[in-house]
2 protein chains.
Amino acid sequence: KKPEAPTPKPKRRAGITETAFRDAHQSIMATRLRTDDMLPICEAMDEVGYHSIEMWGGATFDAAMRFLGEDPWERLRKIKKRLRKTKTQMLMRGQNIVGYRHYSDEVVREFVKRAIGNGVDIVRVFDALNDLRNMEIAADAVKREGGELQMTISYTISPVHTLNLFAKQARDMADMGADSICIKDMAGLLSPVAASALVKAIKKRVDLPVQIHSHYTSGMAAMSYLAALEAGADVVDCAISPFAMGTSQPATETIVAALAGGPLDTELSLEKLLPVAKHYQALHEKYKDIIMGVSGVNVNILLYQIPGGMYSNLQSQLKEGGCLEKFAEVMEEVPRVRKEMGYPPLVTPTSQIVGTQAAMNVITGKRWKMVPHEVQQYFRGYYGKTPAPVDPEIQKLVLGDEKPITCRPGEKIPPEIEAAKKEIGVWCTQPEDLLSYILFPQVAKDFLPNKFSRENLVNIGQDEQDAPEAYEI
Amino acid sequence: KKPEAPTPKPKRRAGITETAFRDAHQSIMATRLRTDDMLPICEAMDEVGYHSIEMWGGATFDAAMRFLGEDPWERLRKIKKRLRKTKTQMLMRGQNIVGYRHYSDEVVREFVKRAIGNGVDIVRVFDALNDLRNMEIAADAVKREGGELQMTISYTISPVHTLNLFAKQARDMADMGADSICIKDMAGLLSPVAASALVKAIKKRVDLPVQIHSHYTSGMAAMSYLAALEAGADVVDCAISPFAMGTSQPATETIVAALAGGPLDTELSLEKLLPVAKHYQALHEKYKDIIMGVSGVNVNILLYQIPGGMYSNLQSQLKEGGCLEKFAEVMEEVPRVRKEMGYPPLVTPTSQIVGTQAAMNVITGKRWKMVPHEVQQYFRGYYGKTPAPVDPEIQKLVLGDEKPITCRPGEKIPPEIEAAKKEIGVWCTQPEDLLSYILFPQVAKDFLPNKFSRENLVNIGQDEQDAPEAYEI
Ligand SMILES: [Co+2]
Ligand SMILES: [Co+2]
């Protein structure tokens with residue numbers, strides 16, 4: 001009997017986004033790499049043939065100023081200059097930009113304009129609650145500035161987060177002008193079974209490239225990439241091997257080798273990745289004291305379906321408070337609180353909000369007796385629309401008779417730029433500095449005068465720094 | 001337009017073999033766990049519902065006697081007693097049994113009889129050259145003793161190791177009575193693309209369960225398991241998370257979670273794995289000074305396609321010899337030597353044989369000038385038939401006009417049991433002790449009198465130990 005020839009599948013080249021400068025750097029190196037650590041390897045990375053290099057945004061903006069005294073905008077320009085063939089990519093927290101609160105629409109627009117103007121090609125926009133209104137201004141600004149808009153589904157597991165809901169979200173994003181869709185699995189929850197189903201559901205509704213972003217924390221990420229690619233996804237986020245796995249992404253070399261020779265071959269060469277790996281291996285050794293990537297598998301993610309970072313944060317919070325014995329109870333409280341709060345995906349800042357409330361419910365011995373300000377704001381609607389309605393009885397406990405807002409939270413934020421100009425304008429040597437100040441005023445209040453002083457070769461006294469109007473240019 | 005319903009695939013439950021007692025233990029714990037470390041967790045492991053638990057053979061036999069002063073047979077009996085529902089499994093190196101040379105046919109048969117008699121349910125038999133004649137006696141003995149026979153394809157990459165060759169090997173194994181086929185990827189070379197093709201090729205030729213064994217060293221193992229299972233494989237080898245990844249197997253919990261809810265659901269519960277993981281976490285901490293599992297990805301495997309252990313062995317050999325600067329040259333020499341030697345899979349002992357010859361070729365500055373005894377024996381045919389013919393010019397250099405043997409190497413080994421009885425019989429307290437002596441005479445020469453003395457509560461003098469005939473029972 002003649003063997004049947006299998007139906008040949010059309011060949012699709014899988015794309016790889018290298019995260020070594022941003023997410024991997026943030027996940028295992030505490031965001032402490034300096035621009036000078038990055039520049040020498042840019043040319044070699046530019047030769048690899050990545051789909052893109054994620055190199056800006058997320059926590060790197062804050063960390064550059066706060067811990068390294070570096071201008072994030074300068075890093076962007078310097079890296080961009082060296083990546084002549086490869087698209088640059090950034091992570092933007094929607095209306096939160098790269099900060100931890102909502103900013104005014106004008107600030108969002110100004111930030112996007114400057115980010116793209118300084119060299120970002122692809123802007124990945126997400127919102128912790130998947131509230132499209134929180135991504136609306138950013139998305140519109142990216143399109144206006146001619147950037148490539150990637151809109152993001154923050155993946156989570158709950159009774160309301162059905163394939164249908166996610167597919168509808170993708171459809172809405174396509175209608176908002178998205179050039180591609182990202183499935184962002186910040187917690188490593190996405191199984192290959194779920195990834196395959198989700199990609200198929202999205203691809204049925206939208207004809208856009210789909211990119212998968214996951215973390216290796218539960219050990220499933222590489223499998224989920226494979227399943228997602230087979231189901232039709234186009235690009236996956238990987239990190240060069242010395243910065244890979246654990247809390248970071250699957251290793252670039254592994255994914256390249258895994259797909260080689262098959263219908264999804266990345267067509268990247270391991271030889272070209274070798275000098276890149278060597279560079280990051282050296283950085284790994286240079287900074288070995290600050291490396292925080294836990295290797296191996298965090299089983300708690302699989303059991304409790306909460307992010308590894310949230311798990312360890314709660315553990316250390318309870319330890320500090322001298323009530324570590326309540327930890328198991330708090331773990332059981334988390335899903336209850338999350339349900340009552342309308343099943344928010346657990347990602348910054350919702351993971352902290354839910355975790356803190358769960359801990360307080362257990363420690364005080366009375367649920368919802370103590371409610372921190374952030375949780376109140378959440379119930380007031382200032383974080384956006386929750387995936388499911390919040391529990392009305394809990395809302396009553398938290399807000400009393402106060403009515404939550406129902407509009408887009410960004411609408412409530414008054415313009416911020418003019419005020420900032422008055423406060424810090426003297427020390428700004430580029431328009432971007434104003435944004436650095438608006439995003440992180442405490443940090444920038446020190447950082448910007450220092451930068452001004454460096455760039456203009458002048459000394460600034462403490463009294464002038466405190467009251468810039470005293471400084472005469 | 002109505003969406004088309006996808007053809008529902010038949011549901012197949014993926015099986016998991018837990019390797020914590022054997023391969024994982026060997027790969028990351030230097031085979032130093034004591035039986036007493038294992039017994040307390042047997043009952044909990046027995047409740048999980050594994051396909052089987054690999055718990056004997058490989059290097060554990062030697063290590064138990066040599067490093068721990070433990071009787072490997074007693075370990076087998078004690079563990080078997082506690083695994084009431086779960087099949088036990090061992091790794092047997094064909095005619096090498098659990099040692100490093102070929103043994104006589106009677107020794108092979110006696111060993112299999114005792115292994116199965118003491119509690120092994122499944123015997124996985126392999127040969128470094130995939131020479132079926134080296135598995136023949138072991139396979140026949142397993143069937144005679146009523147054991148479950150798993151025959152093994154040692155996976156490697158070479159021009160002669162085609163899908164056809166492997167599939168034909170599987171077919172021959174089925175004809176030899178194999179109850180299942182194992183694809184043994186000792187080096188972590190098996191990519192998901194290759195795994196899928198290989199499983200399909202084998203399943204076309206044989207209607208037997210296929211099990212995949214891989215190592216995480218290159219980062220591909222979990223993906224390859226997924227691809228193999230989707231292609232029709234039935235069982236995969238995993239290790240509980242604290243003993244997983246790096247040089248060991250994919251994590252059991254990760255694979256369970258990855259397949260959950262899909263057509264290959266293992267139907268194992270993470271809750272039942274939790275106490276098991278806790279136990280091994282404690283062992284991981286207890287033995288943290290001897291843990292040798294390198295986590296992360298070993299890119300060299302992907303680049304050079306040689307096992308991680310061989311890479312690091314060669315590196316340290318050259319370092320000791322003060323010629324580490326030749327390392328790159330040796331790495332380039334390895335594939336040449338391997339080709340000239342007929343493309344042996346690189347696994348114990350062939351990895352050492354090829355590696356040593358490559359190093360000598362480089363260090364002496366003249367290829368094939370110095371040829372160690374093992375390499376000579378290899379060319380003489382004493383390791384078995386090579387996958388491809390050896391290079392005739394090199395054979396001439398090594399053997400001169402000497403003709404290699406072409407028969408089954410085991411035929412050349414005279415009976416060994418009677419002689420052993422004379423040498424060590426006095427100290428044997430069970431028939432199995434004779435085998436321990438034949439396999440590892442130097443180690444057993446100390447170990448068996450000590451065991452005799454322990455069990456019989458007698459002292460044995462050094463002169464009696466040296467000349468057992470002096471001891472009067
Ligand atoms: Co991330
Ligand atoms: Co193995």
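Just so it is clear: chains get the letters A, B, ... in the order the sequence lines come, proteins before strands, and each one is counted from 1. These values consider heavy atoms only, across backbone and side chains, with no hydrogens, waters or symmetry-generated copies.
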For residues [X] and [Y], report the shortest heavy-atom separation together with the two atoms involved.
X: Leu274(A); Y: Leu303(B); answer: CD1-CD1, 3.2 Å
X: Val299(B); Y: Ser241(A); answer: CG2-OG, 3.2 Å
X: Ser218(B); Y: Thr254(A); answer: O-OG1, 2.8 Å

Distance, nearest 0.5 Å, that separates CG of Leu259(A) from CE of Met223(B): 7.0 Å

Distance in Å, Glu230(B) CD paired with Glu230(A) CD, rounded so as to fall on 0.5 Å steps: 5.5 Å

Which atoms of [X] come close to chain A, meaning under 4.5 Å heavy atom to heavy atom: side chain ones, backbone ones, both, or neither?
X: Ala195(B); answer: neither
X: Leu270(B); answer: both
X: Ala244(B); answer: neither
X: Tyr225(B); answer: neither

Contact origin within Leu302(A) toward chain B - heavy atom pairs under 4.5 Å: both

Toward chain B, the part of Ala197(A) with a non-hydrogen atom under 4.5 Å: neither

Option in Pro192(A), Ala251(A), Ser224(A) with maximal non-hydrogen atom pairs under 4.5 Å from chain B: Pro192(A)

Option that, when pairs with chain B are counted at under 4.5 Å, heavy atom only, ranks first among Ala258(A), Gly219(A), Ala222(A), Gly262(A): Ala258(A)

